[in-house]
Amino acid sequence: MPKITVNNKEIDFENGMTVLQACELAGAEIPRFCYHERLSIAGNCRMCLVELEKSNKPIASCAMPATEGMKIKTNTPFVEKARRGVMEFLLANHPLDCPVCDQGGECDLQDQSLFYGLDNSRYTENKRQVKEKYMGPLIKTQMTRCIHCTRCIRFATEVAGIPELGAIGRGEDMEITTYLEKSMESELSANVIDLCPVGALTSKPYAFEARPWDLKKTETIDVMDAVGSNIRVDTYGWEVKRILPRINEDINEEWISDKTRYACDGLLKQRLDTPYTRENGRLQKTSWDLALKLLINKLKSFKPYEIAGMVGDLADLEMIYSFKNFFEKSLGSTNLECREDRTYINPTERMNYIFNSKINGIEEADTILLIGANPRLEATILNARIRKAYIKNKIKIYSVGDPGDLTYPYKKLGSNTSIIKDIVNGAHEISEKIKKSKKPLVIIGNSALSSKSGQYIFETIKNFLFNNNFIRKDWNGLNVLNQHASRVGAIDLGVYSINDNNNFSFFEKMDNDEFKFIYLLGVDNINFDKKDKFIVYQGSHGDKGAEIADIILPGAAYTEKNGLFVNLEGKIQKAYKASYPPGDAREDWVIFKDLANKMGKPIGYNNVKILRDSINNHINQKITNNINKINNIDFVDENILIKPVDYYYTNSIARSSHVMNECRQISKKFLFTGIEKAS
């Protein structure tokens, strides 16, 4: 390996590294504003100046490739004077508004000026002033503070894939702005707030809410989709003030979606904080004792086969497992289901319903085939990883079905299931390209699995990949794109009803009014005719499920309890309690424990440790290496229509959020404007 000397210390570095990266390997700290590890090099700010032997001027270390034999110094008076000069230029036009700036306490410029700033200025001219720009309901702008690092521009273009930001003017007149000053349309747009090293771009909903040192910080997991992005929840008392990303290279790198970041204000609204019972057609507040007593009396009046339960999309493993045990041990019923969207599943082995290639494995793929999937709206962070793979490796991407703009180019193959048949039989041109690939990646979405041809699509694609050795130990190209945080965990724990090869027996019974009692555990996205059914709803928000309920039991939201979640690639992650449930709301697994104890039929555990041990044992039994093939699946001729995703309204928390409602109204406005122009 080549060697470089940094501050008289010789180190090895990899070819392609910059001087800045080599200096960091040597343990030297280099200040920077424009440089970012995940963005292209701009070399704008010049704060990273270092001294190179035999060079009569300092060099910008972020833009200079490291070469064999270089001798670099990062801490000499020469370097310090250069950095002080750069800082003086940066502060020449920067407003002195740190006390009222939301970036205060987390500002790179503030931190660096502590070391390299001067206590006086030689500039007596008036500071420049820049008009504020409109970037939508999420991003607050104060462009007079901007130091033109262009991080936001590079992020929008390179990572988000929507070049909405750019620079106009030159020199002192340069300004960062959106195209025609309209709202940013990317679902990743608010990541520019984290990237901005000054207070030019800050969070509009969080403006003037709190200071960083006032907040309690809790590292946890996001549940707005099935990706399981790693996040940090900042709370002030009971209230969740903001959500920020945590670095996890395997899942979300250091990005999160706008819904993950801003739906948190929905945790304060439409909350269920006390039990309710329906009397004379109206919901009335009641106590836990009376609500549970009424529930137990009702349960006694129904036979086990008349009782059914459904699990919603935000449920953690503890509440799912205790719900299942309550049904099986206390009620003697096995009528359980987790698929609100009625998708086809084959639960005989775990690989049939997870993302087997892993999220970071997308970067290794050399061909991607999407079937009935819209990853941009169904799993925004996963879509960003596909774009990264495209930018990095220029891979070919194909789609069966029309998902619209995915932020990267792809080829539409059509929408009919006959295309799947041709690919599997080798009659389609794509078939040969997949066979010649080393690591092809097939992503099957919910729109394909919830169609009449769901079983045919999944099983034939699985057999095709297996027969061509694309399902093996070092690579599994079969991937299911789940949309809900609870789905994989619920299937792991056996919360589904499949009888006699009938994948939808539960729903047939529901449609035929065979169930007289239905227990909805956080279920808000299913529509059915209530008729004379008795409905119990347990959840955190007064959403669609609570509207039709006869008994409402208030549960805790995902930030208000410790819980386990399984993301779409089958990885178990732990969410930590950042806040606490409002009013009389309780943790969900505790509700089932108390209910079972009152019925005299306990579910077998009184503490969370025993519960989690049981969960882990159950899931470990699901992880096998056997490949079960289903042959002779009847061909179903139909078009695969990708279902529209109401991105900002996918769950009860998002629907309760004022910020998500604002984003939804703006996105609808742009959609309408586009249609109007097209017509």
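Within a 6.0 Å radius of CZ in F504, more than 12 heavy atoms belonging to other residues, nucleotides or ligands are found. Within 6.0 Å of NZ in K269 there are more than 12 heavy atoms belonging to other residues, nucleotides or ligands.
How far CD of E340 is from CG of N527: 10.0 Å, rounded to the nearest 0.5 Å. Atom OG of residue S667 and atom CE of residue M660 lie 10.0 Å apart, to the nearest 0.5 angstrom. Remark: T286 OG1 to W288 CH2 distance equals 11.0 Å, nearest 0.5 Å. To the nearest 0.5 Å, the span separating OG on S203 from CD1 on I139 amounts to 9.0 Å. Separation of atoms SG (C152) and CD1 (I193) is listed at 11.0 Å; rounding is to 0.5 Å.
In this structure, Y558 and F565 approach most closely via the heavy-atom pair CB-CZ, 4.4 Å. Across all non-hydrogen atoms, the minimal contact from I162 to T407 is CG1-CG2, 4.0 Å. The shortest non-hydrogen separation linking I381 to N252 is CG2-CA, 3.6 Å. G401 and S399 make their closest contact through O-OG, 2.8 Å (heavy atoms, listed as atom of the first residue, atom of the second, distance). When all heavy atoms of L317 and G489 are compared, the pair lying nearest together is CD2-CA, 3.5 Å.
Two rings, from Y321 and W589, have their centers 6.0 Å or more apart. The six-membered or imidazole ring of F528 lies away from that of F507, with a centre-to-centre distance of 6.0 Å or more.
Put simply, the side chain of I666 reaches to within 4.5 Å of the side chain of P137, judged on heavy atoms. Contact check for Y647 versus S257: side-chain heavy atoms found under the 4.5 Å cut-off. The shortest distance between side-chain heavy atoms of H484 and D341 falls below 4.5 Å. Considering only heavy atoms from C-beta on, K133 stays 4.5 Å or farther from T178 through its side chain. Side chains of L406 and L370 form a contact here, defined as non-hydrogen atoms less than 4.5 Å apart.
Under 4.0 Å is where a charged nitrogen must lie from a carboxylate oxygen, and between K216 and D234 no such pair does. The existence of a salt bridge linking E318 and K561 is excluded, since no basic side-chain nitrogen approaches an acidic carboxylate oxygen closer than 4.0 Å. A salt bridge links D194 with R261: the closest approach of a Lys/Arg side-chain nitrogen to an acidic carboxylate oxygen falls below 4.0 angstrom. Salt-bridge annotation for R246 and E219: present, with a side-chain N of the basic residue lying under 4.0 Å from a carboxylate O of the acidic one. Taking the charged nitrogens against the carboxylate oxygens, D250 and K571 do have a contact shorter than 4.0 Å, which makes a salt bridge. Ion pairing between K577 and E560 fails under the 4.0 Å rule for side-chain N and carboxylate O. D584 has no carboxylate O lying under 4.0 Å from a charged side-chain N of R586, or vice versa, which leaves the two without a salt bridge. The pair R38-E254 counts as a salt bridge, with a side-chain nitrogen and a carboxylate oxygen less than 4.0 angstrom apart. Salt bridge absent: D214 and K241 never bring a charged side-chain N and a carboxylate O closer than 4.0 Å. A salt bridge links R664 with D646: the closest approach of a Lys/Arg side-chain nitrogen to an acidic carboxylate oxygen falls below 4.0 angstrom. Using a cutoff of 4.0 Å between basic side-chain nitrogens and carboxylate oxygens, E106 and R242 are scored as salt-bridged.
Considering only residues two or more places apart in sequence or on other chains, R655 meets the side chain to side chain donor-acceptor pair (under 3.5 Å) condition with N525, D543. The side chain to side chain donor-acceptor pair (under 3.5 Å) search around T218 returns none, not counting sequence neighbours. For D108, the side chain to side chain donor-acceptor pair (under 3.5 Å) test picks out no residue, with sequence neighbours left out.
No donor-acceptor contact under 3.5 angstrom links the side chains of R339 and T343, judged on distance only. Inspection of the N479 and E569 side chains reveals no N or O donor paired with an N or O acceptor under 3.5 Å.
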Exercise. Would you check, one step at a time, whether the test ring pair (Phe, Tyr, Trp, His ring centres under 6.0 Å) holds for Y537 with Y519?
Key: CA-CA 6 Å; Y537 175 81; Y519 202 127; 9.3 Å; no

Exercise. Show your reasoning for whether side-chain contact (heavy atoms from CB on, under 4.5 Å) applies to S186 and E164.
Key: CA-CA 8 Å; S186 170; E164 302 177 279; 3.6 Å; yes

Exercise. Assess whether side-chain contact (heavy atoms from CB on, under 4.5 Å) is satisfied between V645 and E378, documenting all intermediate values.
Key: CA-CA 7 Å; V645 178; E378 295 171 13; 4.1 Å; yes

Self-check item: Intermediate values then yes/no, side-chain hydrogen bond (donor to acceptor under 3.5 Å, both in side chains), Y648 and D258
Solution: CA-CA 9 Å; Y648 297 107; D258 292 347; 5.0 Å; no

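Classification of the F517-F534 ring pair by plane angle, with boundaries at 30° and 60°, yields parallel.
S540 contributes no side-chain N or O that, together with a main-chain N or O of G555, makes up a donor-acceptor pair within less than 3.5 Å. Looking at R612, its side chain never comes within 3.5 Å of a backbone N or O of V608 through a donor-acceptor pair.
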